[in-house]
Amino acid sequence: MLREKGTRFLVDSVGAEQARVLETEVAPAQAKAREKMAAGFKTVEPLEYYRRFLKENCRPDGRELGEFRTTTVNIGSVSTADGSALVKLGNTAVICGIKAEFAAPPPDAPDKGYVVPNVDLPPLCSSRFRSGPPGEEAQVASQFIADVIENSQIILKEDLCISPGKLAWVLYCDLICLDYDGNILDACTCALLAALKNVQLPEVTINEETALAEVNLKKKRYLNIRTHPVATSFAVFDDTLLIVDPTGEEEHLATGTLTVVMDEEGKLCCLHKPGGSGLTGAKLQDCLSRAVTRHKEIKKLMDEVIKSMKAK
Amino acid sequence: MPGDHRRIRGPEESQPPQLYAAEEDEAPDPRDPSRLRPVYARAGLLSQAKGSAYLEAGGTKVLCAVSGPRQVEGGERGGGPAGAGGEAPAALRGRLLCDFRRAPFAGRRRRAPQGGGEERELALALQEALEPAVRLGRYPRAQLEVSALLLEDGGSALAAALTAAALALADAGIEMYDLVVGCGLSRAPGPAPTWLLDPTRLEEERAAAGLTVALMPVLNQVAGLLGSGEGGPTESWVEAVRMGLEGCQRLYPVLQQCLVRAARRRGAATPS
């Protein structure tokens, strides 16, 4: 509307030919001015800015409310680790490296091994983190991953036992976030799953005479992965609207978050809702069904990646 | 770890399976002493950092990010004459804070995330080598944070971290006099002192002495030097430094191209 008015004004005050020339110069300048105003509005009133988009059922980066960012998985990149994977969810990047070592089994469970996850949020991923011992967010993420491993039974701890009471495997899963742009839990779960599928453990036999372990580094076996837990995160806006896969800014503006971890056959492994606004039962049901579709997407992606690795 | 209640508890202690494996005779292959491994460098890949760079040389993978300049309270007032070119006096100059981190899965043996003395020493070496190149006088009372993360150690990790850090600083648009290029060297044990440029992890493990040189290629000035190990005649150390400086000069064009590509990518992304 503004542009039409401007053109008419130009034609009235200047000749038609000159008006055409001026018009092509004025339009891009107007577009730039509009962009600057939008950027200014975003800085001053970020919530209002988001609300305008949400009213049209879309988000500033062009996604729909139920759409995920592009997910890429890259496995086996770190050769010093027994298994590794790098997952990128849009801008968020998490690398997982797994190292396997020997240890004595825990005294209260002599036929079980250990799986020790550790999520690290170093200062390089975002300026809000300081170097030093793990902060609150890192501890929460580590505990979440430990819960996922425990509840989904992704590996039977009994499989990790070599000799009951004497020797077992301990898998140290170190997840390092390289770039923090929201939805860290999804990326961590995906990276952990991909890395575990990539782990190869050497064969171990216990020598009866010396009672020492003998490791054959040439013969390696993959782990027995029983389930494939996939996490889906949601952010709640204004106590009512649910959006999937929030970016860093959206997480900051949200009034609550929810993470659902689904298994195959639609089994729920873990539900993580750290406070925030409440959700009705119907909304929760929507989240669960979205999580089921996400599981299918990720499973397909993983299968493709594993197939391409094995083909090499 | 006992007592570390911020992390998930694992077993009290654990041993790597390599201790129980049959001894493998892994001798490093003979090679041309002054060969440099092909380098892949990319700048501007992290979205949350002001400047970032990823460097891969053989098996060594390093990621570096720069954030800042950030205002820091507690500077002293005034004091001293202003430097040339409108820079702040010495007391008000900016600071460079470096952090070097090794991923737990980066080496042969898993290292606990809570680093220790070696990481601090390397962070200090990083800072000392980068300071001559950055125009800190242009950032009075500010602090620049450089964090380097070693994802995989394939030999000459400190040299790779230095180069990545300088690329990240340039990518962040921090005013610098010149880039800093790092090169590692090592000397095998034995009577004949042959220095090897850009050693692999195997060569570094068996080395009797190691050296890292940091050079500012255009100004042709040495920014940092860190060496340790069994002595040899002084001439061999001089020879090593010369080899290192040559290696740095050979690396420079690759880094220039990397920065040009990153600038083009950034220009194409924001057509304003």
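Numbers restart at 1 for each chain; the letters A, B, ... are given by sequence-line order, proteins then strands.
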Enquirer: Measure distances from A/Lys218 to the heavy atoms of chain B and classify the residue's part below 4.5 Å as side chain, backbone, both or neither.
Expert: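 Looking at A/Lys218, just its side chain touches chain B.
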Enquirer: A/Phe102 versus chain B, heavy atoms under 4.5 Å apart: side chain, backbone, both or neither?
Expert: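 Contact with chain B: backbone and side chain both.
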Enquirer: Please examine the side chains of B/Val62 and B/Leu151, heavy atoms only from C-beta on, and report whether any two atoms are closer than 4.5 Å.
Expert: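 A side-chain contact under 4.5 Å is absent here.
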Enquirer: Specify which of A/Leu178, A/Asp120, A/Asn216 makes the most heavy-atom pairs with chain B at under 4.5 Å.
Expert: A/Leu178
Enquirer: Where do B/Arg109 and A/Lys99 come nearest, in terms of heavy atoms and distance?
Expert: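 Closest approach of B/Arg109 to A/Lys99: C-CE, 4.1 Å.
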Enquirer: With a 4.5 angstrom heavy-atom cut-off, is it the side chain or the backbone of B/Arg70 that approaches chain A, or both, or neither?
Expert: side chain
Enquirer: For B/Glu13, which atoms come within 4.5 Å of any heavy atom of chain A: side chain, backbone, both, or neither?
Expert: backbone
Enquirer: For the candidates A/Leu124, A/Val170, A/Asp181, which exhibits the highest count of non-hydrogen atom pairs separated by less than 4.5 Å from chain B?
Expert: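 When all of A/Leu124, A/Val170, A/Asp181 are compared, A/Leu124 has the most.
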Enquirer: Does any part of the side chain of B/Leu251, heavy atoms only, come nearer than 4.5 Å to the side chain of B/Leu36, both counted from C-beta?
Expert: yes
Enquirer: Side chain, backbone, both or neither: which part of B/Leu19 has a heavy atom under 4.5 Å from chain A?
Expert: neither
Enquirer: Side chain, backbone, both or neither: which part of A/Ala168 has an atom under 4.5 Å from a heavy atom of chain B?
Expert: neither
Enquirer: Please determine if B/Lys50 and B/Glu145 form a salt bridge, counting it only when a charged side-chain N lies under 4.0 Å from a carboxylate O.
Expert: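 A salt bridge is absent here (no side-chain N lies under 4.0 Å from a carboxylate O).
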Enquirer: A/Ala146 versus chain B, heavy atoms under 4.5 Å apart: side chain, backbone, both or neither?
Expert: side chain
Enquirer: Are there more than 12 heavy atoms of other residues, nucleotides or ligands under 6.0 Å from atom NZ of A/Lys219?
Expert: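 No, NZ of A/Lys219 has 12 or fewer neighbouring heavy atoms, counting only those of other groups under 6.0 Å.
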Enquirer: Check whether any side-chain heavy atom of A/Trp169 sits under 4.5 Å from a side-chain heavy atom of B/Pro17, and report yes or no.
Expert: yes
Enquirer: Highest number of heavy-atom pairs under 4.5 Å with chain B: which of A/Pro117, A/Pro106, A/Ser126?
Expert: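 Ranked by heavy-atom pairs under 4.5 Å with chain B, first place is A/Pro117.
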Enquirer: Using a 4.5 Å cut-off on heavy atoms from C-beta on, say whether the side chain of B/Leu167 contacts that of B/Cys258.
Expert: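 In contact.
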Enquirer: Between A/Leu217, A/Asn118, A/Ile98, which has the largest tally of heavy atom pairs under 4.5 Å with chain B?
Expert: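 Ranked by contacts with chain B, first place is A/Asn118.
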Enquirer: Hey, does B/Phe100 have a side-chain heavy atom less than 4.5 Å from the side chain of B/Arg120?
Expert: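 B/Arg120 vs B/Phe100: side chains apart.
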Enquirer: Apply salt bridge (charged side-chain N to carboxylate O under 4.0 Å, His left out) to B/Glu131 and B/Arg93, showing your working.
Expert: CA-CA 11 Å; B/Glu131 266 183 2; B/Arg93 293 178 74 206; over 6 Å; no
Enquirer: Check whether B/Ala106 gets within reach of chain A through its side chain, its backbone, both or neither, counting any heavy atom under 4.5 Å.
Expert: backbone
Enquirer: Go through A/Ser84, A/Ser131, A/Gly135, A/Ala93 and name the one with the most non-hydrogen pairs under 4.5 angstrom from chain B.
Expert: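 Of A/Ser84, A/Ser131, A/Gly135, A/Ala93, A/Ser131 has the most heavy-atom pairs under 4.5 Å with chain B.
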